[in-house]
Structure formats: C-alpha cells, structure tokens
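So that we are looking at the same thing, I have put the structure below in structure tokens.
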2 protein chains.
Amino acid sequence: MAGRHSTLREQRRAETHRLIQAHAVRLFVARGYDGTTVNDVAEAAGVSAMTVYRHFPTKEDLVLADRNGPLVAERIAASPAGQPLVRRIGGALVESARSLTEGDDRFLLARLRLMIATPALRARHLDNHYVLQRAIVDALGDEAADPDAAFRATAAASACLAVMHTALVRWAEDDGRADLPDLIATALAAAFDIPGPTPLGASPPPA
Amino acid sequence: MAGRHSTLREQRRAETHRLIQAHAVRLFVARGYDGTTVNDVAEAAGVSAMTVYRHFPTKEDLVLADRNGPLVAERIAASPAGQPLVRRIGGALVESARSLTEGDDRFLLARLRLMIATPALRARHLDNHYVLQRAIVDALGDEAADPDAAFRATAAASACLAVMHTALVRWAEDDGRADLPDLIATALAAAFDIPGPTPLGASPPPA
DNA sequence: CCCTAAGTGTTAGTAACTATCAGGATGGTA
DNA sequence: TACCATCCTGATAGTTACTAACACTTAGGG
C-alpha cells in the first residue's frame, strides 16, 4: 500500500499540474482560448497530451479549478442562524473572497478574464456556481429540512451567487484595483436593498 | 431578390426545424443526451447530419432555443421607472413566464428537465441568462448611464434571473403542476424579503 | 422559360476527448 | 541491496462534435 504521504511523487505531480496550468493560461491569454489546442499546451509544458488530460479532465478545467467551495460552506454553517438568509450567505461569500485575493492576483485575474470573455468557460463557471449553490443550501442545515424552506434557501443562495459573480466581473474589469470583498458587499447591498457596509467605491470601514 | 414572404420554402424549412428538434428531444429523453449522437438525431429525422447543423449551430441548441429574451426586455422598458430595480425586473420576469407556459407544456418540461440534469446543457442555459442579463440592463435605459448605476442594475438583474431559474427548477420537479408565474413571484419574495403577492403554494390573487 | 439563390447531401478534415497497452520511475519491504 | 507493487507517463487507435468546400436539386422571380 502507498503510505499516507508519498513525498517525491506527490511533489512531482503537483509541480507538473502547476506547470501545465501556467503554460495553458499563458497561451490562452496570448492566442485566445479557442485558438489554442490542448496539444499546444502539452507541447509548451513539455508533456504529452494524455498527461494534460490526466491532470485536467477537460480543457476548460485548465482555467477554472475553483476549489474554495467547501470553505464557503464552512462559513455558512458557522454563521448565526438567527439572521436573514441573504445576510448569512452574503456574509460568507464576502469573507471567502478575502482569502481568495490573498494568492497570486495576476494569475487569478488572467483566469477570471478568460472565464468572462470565453463563452464555454463562462458557461462552465456559472455551472460551478450551480453546484456551489447546493452546497450552501446543505450547509444551512435545518433550513433544508422542509421543501419550502429549502426552496427559499435555494432562491437566496442563487441570488447571492449571481450578485457575487457580478462583483467578480466588475473587479476583473477594474484590473483588481478595488477591494473584492468590499465590492461584493456593495453589490449585495445594491441588489437586496439592504444597507451595505460601504457606498460604492469607498474603502472598507476601519473596524 | 427573394421577396419578403417566401411561402413554401420558409414553410418547409420551419417544418424541418421542428421535426429535427422533436426527434432530438425524444431521443435525448429516451437514451440520454450524452448517449445520443447528432447522427442518431439526423437519422431519426430523416436528414443528413449537415442539415442538423445548418438548423442548430450546436447539439446543445437542439434543446435550448430560448427566444423570448427580447420580450422580457420590452416589458422592462415599459415598466414605470420609479419602482425599485428588483421589482421592475422581477415583475417583467413573472409576466414573461405567463406567456411561456401557454405553449406545449409537455415539450417545455422535457426540455427543461434535460437542461437541469445535463451538465453541458445546464451550463449553456445559465450562460444564456448571462446574455439576457445584459439585455435587461440595456432595457433599463437611464439606469445604464453611469457605471455605478449600471453595476447596481447588473447585480439586481443577475439576482432576479438566478431566482427565476430556481423557480424553473422547482416547477420542473413538480411536473409543471404549479403556476409558474406564481412560483417565480414567490421565489423573488423569499430571496429579496419583500412581501410577495402570495405565500408559497397558494393560487394567484384574483385580480 | 431562364437564373439566381436557398436547402440539402457528400466528403474530407480538425480537435476534444477515451480506452488500452506498454515502459520507466518510485517507494516500501525482505 | 534486491524485489515488487504501484503510480506516472507516452504512444496508438478510435469516437464524436463541428467546419469547409463542392455539387445537386428545387423553389421563386423576371
């Protein structure tokens, strides 16, 4: 049996993964998503096409790779149950965005722009939200008990995610200069007509 | 020049169009979307594969074919400008849904179920909402003038569309027994915490 | 009665995947 | 150190969605 922590193999695999994705995004930005074949990506990364498919099930996954869904669900479950649904969900999304922008902003922005501009990627990205939406409803726990409550929770979750996506688009258009959590909070406030933490374009409150 | 109303040609073309789509949806329901090739559809409809592609640019379009987007935009533009955004957009969506359910419900339900169950179709369907969202913001006219207002309008539109989609899913799960406009209105009320026209599951108000 | 153009079929080609087989590197074990 | 199971990778062949180009048939207008 392979032990729980194979070091060199996992390391190599992770490096190959990163290498392929980096070259893929670079080429997509340079020649366009549709103008770049998976073979091009494989060749640029110095691997075979099969290896690309082993690391990324589809060409679209070379750009998408959202994996902070569970994080959002955790925050939802940890939020106080008394507040209105939209506030619980929206709050979790705002906080998750904070940890999202901690990594490499250039890379994230490039991927985001591809997702927005390329129909195929945009569609898959929105569908990922669809999956995340179910996770959010499940994380609400007791809300998902009776069908009507689950329906209301689903409606609220889908609305919040859509609004977050709007903020993401705006953030990308702005080249990532704005504060993303703040943008999302503002968008949520605008859509749901609740007093948001800040008016449009302002800085986050000191506390 | 071809005149403004070529009768026989247009008629034949429309009939072929309808025939292909009918056979496609039938086969998709029977064998699954991924388990049916475009060649299967073409053979069942008695045409060549090329003809299928001439009528439907992609395999997904055999199921999607949403073409009441402009209708929504019209209603938006015709709505009074004083009301809050969510009410203007939501109202237009509810009314559009009324005319949507006037056709063949069985066919619409079959297509809708395919769209919900098949990832590729679901993704494209959500992306169509993304396009519709831009049309809605444009229809709001003066709201789209300054960027901040456009941002708020986009957030509201995306939220409303996401909520409508939730209602569509619920409607399909319910086999179309519920009143769709009513369902949408209820979902909007739940998401935006505004007093909806009816509580869950009730009938539409007499007036 | 032509003549343009639309609709269709056929063929050949690209590209995203999938299945399968074979070789080489890795990691634990005797 | 020697052995062996397992993972990673490469190469090949095949399926399917989709496109381009060409030829044929037929509707519709002069």
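In what follows, chains carry the letters A, B, and so on, assigned in the order in which the sequence lines appear, proteins first and then strands, with residues in each chain numbered from 1.
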Expressed in angstrom and rounded to an integer, what is the separation of A:R124 atom CZ from C:dC17 atom P? 9 Å
Summary of protein contacts for nucleotides 10-15 of chain D, nucleotide by nucleotide, where a base hit scores B, a sugar-phosphate-only hit scores S (4.0 Å, heavy atoms): BB----
Roughly, in whole Å, what's the span from CD in A:E43 to P in C:dA15? 13 Å
Nucleotide of D:dT6, D:dA17, C:dC17 approaching B:V38 most closely (side-chain heavy atoms): D:dA17
Expressed in angstrom and rounded to an integer, what is the separation of B:R12 atom CZ from C:dG7 atom C1'? 11 Å
Nearest to side-chain heavy atoms of A:R9, which nucleotide of D:dC18, C:dA16, D:dC8: D:dC8
Using distance alone, with no hydrogens and no angle criterion, decide if A:H125 and A:R122 have a side-chain donor and acceptor under 3.5 Å apart. no
Look at B:E95 together with B:R98 and state whether they make a salt bridge at an N to O cut-off of under 4.0 Å. no
Indicate whether the side chain of A:T36 and that of A:R31 have a donor and an acceptor atom separated by less than 3.5 Å. no
Euclidean distance, atom CZ of residue B:F28 to atom C1' of D:dA17 [Å, nearest integer]: 12 Å
Considering just the side-chain nitrogens and oxygens of B:R13, establish if one lies under 4.0 Å of OP1 or OP2 belonging to C:dG7. yes
Taking CD from A:E10 and C1' from D:dT9, how many angstroms apart are they, rounded to a whole number? 17 Å
May I ask you to say what B:H55 touches in the nucleic acid, namely base, sugar-phosphate or nothing, with a heavy-atom cut-off under 4.0 Å? sugar-phosphate
Presence of salt bridge, A:R170 and B:D148, under 4.0 angstrom: yes
